[in-house]
K.L.:
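Got a structure for you, questions after.
Note that the structure is predicted; figures quoted are calculated from it, not measured. Heavy atoms only: backbone and side chains are in, while hydrogens, waters and symmetry mates are out.
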Amino acid sequence: MMKKRKVLLTGVLTLGMAVTAACSSGDSGEDQSDQESNQESTSEEESSENDSSEQAENQEASAELSSNSDLTSQLESEESVQEAMVQQVDSEDGQQVNIDITIASGQELTEDLKSTYSDMIRQVYPDQSVSLIYAQEGGEMLEQTTLE
């Protein structure tokens with residue numbers, strides 16, 4: 001009788017552990033498939049981000065960056081200008097011109113100065129849109145404008 005009880009108890013325990021294992025593996029399977037789909041979507045997002053960054057790098061590689069040292073020298077010869085930078089970006093979309101002018105310390109950016117600089121720039125780039133940034137010594141941006 002004791003032996004039957006042990007066998008029966010062992011059978012019930014084994015059956016209980018088998019049911020518990022089966023139930024937990026079912027949840028694990030769902031979690032695993034969720035994790036796999038999350039990994040796939042994450043991989044797809046990373047792939048599209050990588051593709052975007054590669055396209056941006058290719059576009060940058062196709063754009064050619066140059067400087068206009070004559071205009072830079074002309075701007076820097078002004079007493080109120082501490083430093084000037086003129087960049088020409090040639091790309092498939094055309095040429096873009098970016099100019100940064102750093103005003104010397106103790107100087108104020110007046111309408112007369114902006115008019116003088118604009119006239120100098122228009123002599124070199126009469127029909128182009130020019131992005132222009134005025135900054136104060138120390139890097140503080142004073143104004144950003146576009147000459148049309």
K.L.:
If you measure from OG on S80 to CD on Q107, what distance do you get to the nearest 0.5 Å?
P.N.:
5.5 Å
K.L.:
Check whether any side-chain N or O of S73 sits under 3.5 Å from a backbone N or O of S69 as a donor-acceptor pair, and report yes or no.
P.N.:
yes
K.L.:
Kindly compute the distance separating CG (L75) from CG (D70), expressed to the nearest 0.5 Å.
P.N.:
11.0 Å
K.L.:
With no hydrogens and no angle check, just 3.5 Å: does a side-chain donor-acceptor pair link Q88 and Q96?
P.N.:
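Absent: no donor and acceptor within the cut-off.
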K.L.:
Any chain of hydrophobic side-chain contacts (each under 4.5 Å) joining M120 to L142?
P.N.:
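Yes; L142 is reachable from M120 via cluster members.
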K.L.:
Which pair of non-hydrogen atoms, one from D127 and one from R122, has the smallest distance, and what is that distance?
P.N.:
N-NH1, 4.3 Å
K.L.:
Measure the spacing between CG of N68 and CD1 of I99 and express it to the nearest 0.5 Å.
P.N.:
8.0 Å
K.L.:
Honestly curious: do L132 and V86 fall in one hydrophobic cluster under the side-chain, below-4.5 Å linking rule?
P.N.:
yes
K.L.:
Return the OH to CG distance between Y117 and D112, rounded to the nearest 0.5 Å.
P.N.:
10.5 Å
K.L.:
Look up atom CD in Q136 and atom OG1 in T102, then write down how far apart they are to the nearest 0.5 Å.
P.N.:
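Between Q136 CD and T102 OG1, I get 9.0 Å after rounding to 0.5 Å.
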K.L.:
Given 3.5 Å as the limit, does a donor-acceptor pair link the side chain of E76 with the main chain of A84, or not?
P.N.:
yes
K.L.:
Set out, in order, the CA-CA distance, both residues' side-chain angles and the distance that settles side chain to side chain contact (heavy atoms under 4.5 Å, CB included) for S67 and T72, then state yes or no.
P.N.:
CA-CA 8 Å; S67 178; T72 301; 4.3 Å; yes
K.L.:
With no hydrogens and no angle check, just 3.5 Å: does a side-chain donor-acceptor pair link Y134 and D100?
P.N.:
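On atom types as modelled, these side chains do not qualify, holding no pair under 3.5 Å.
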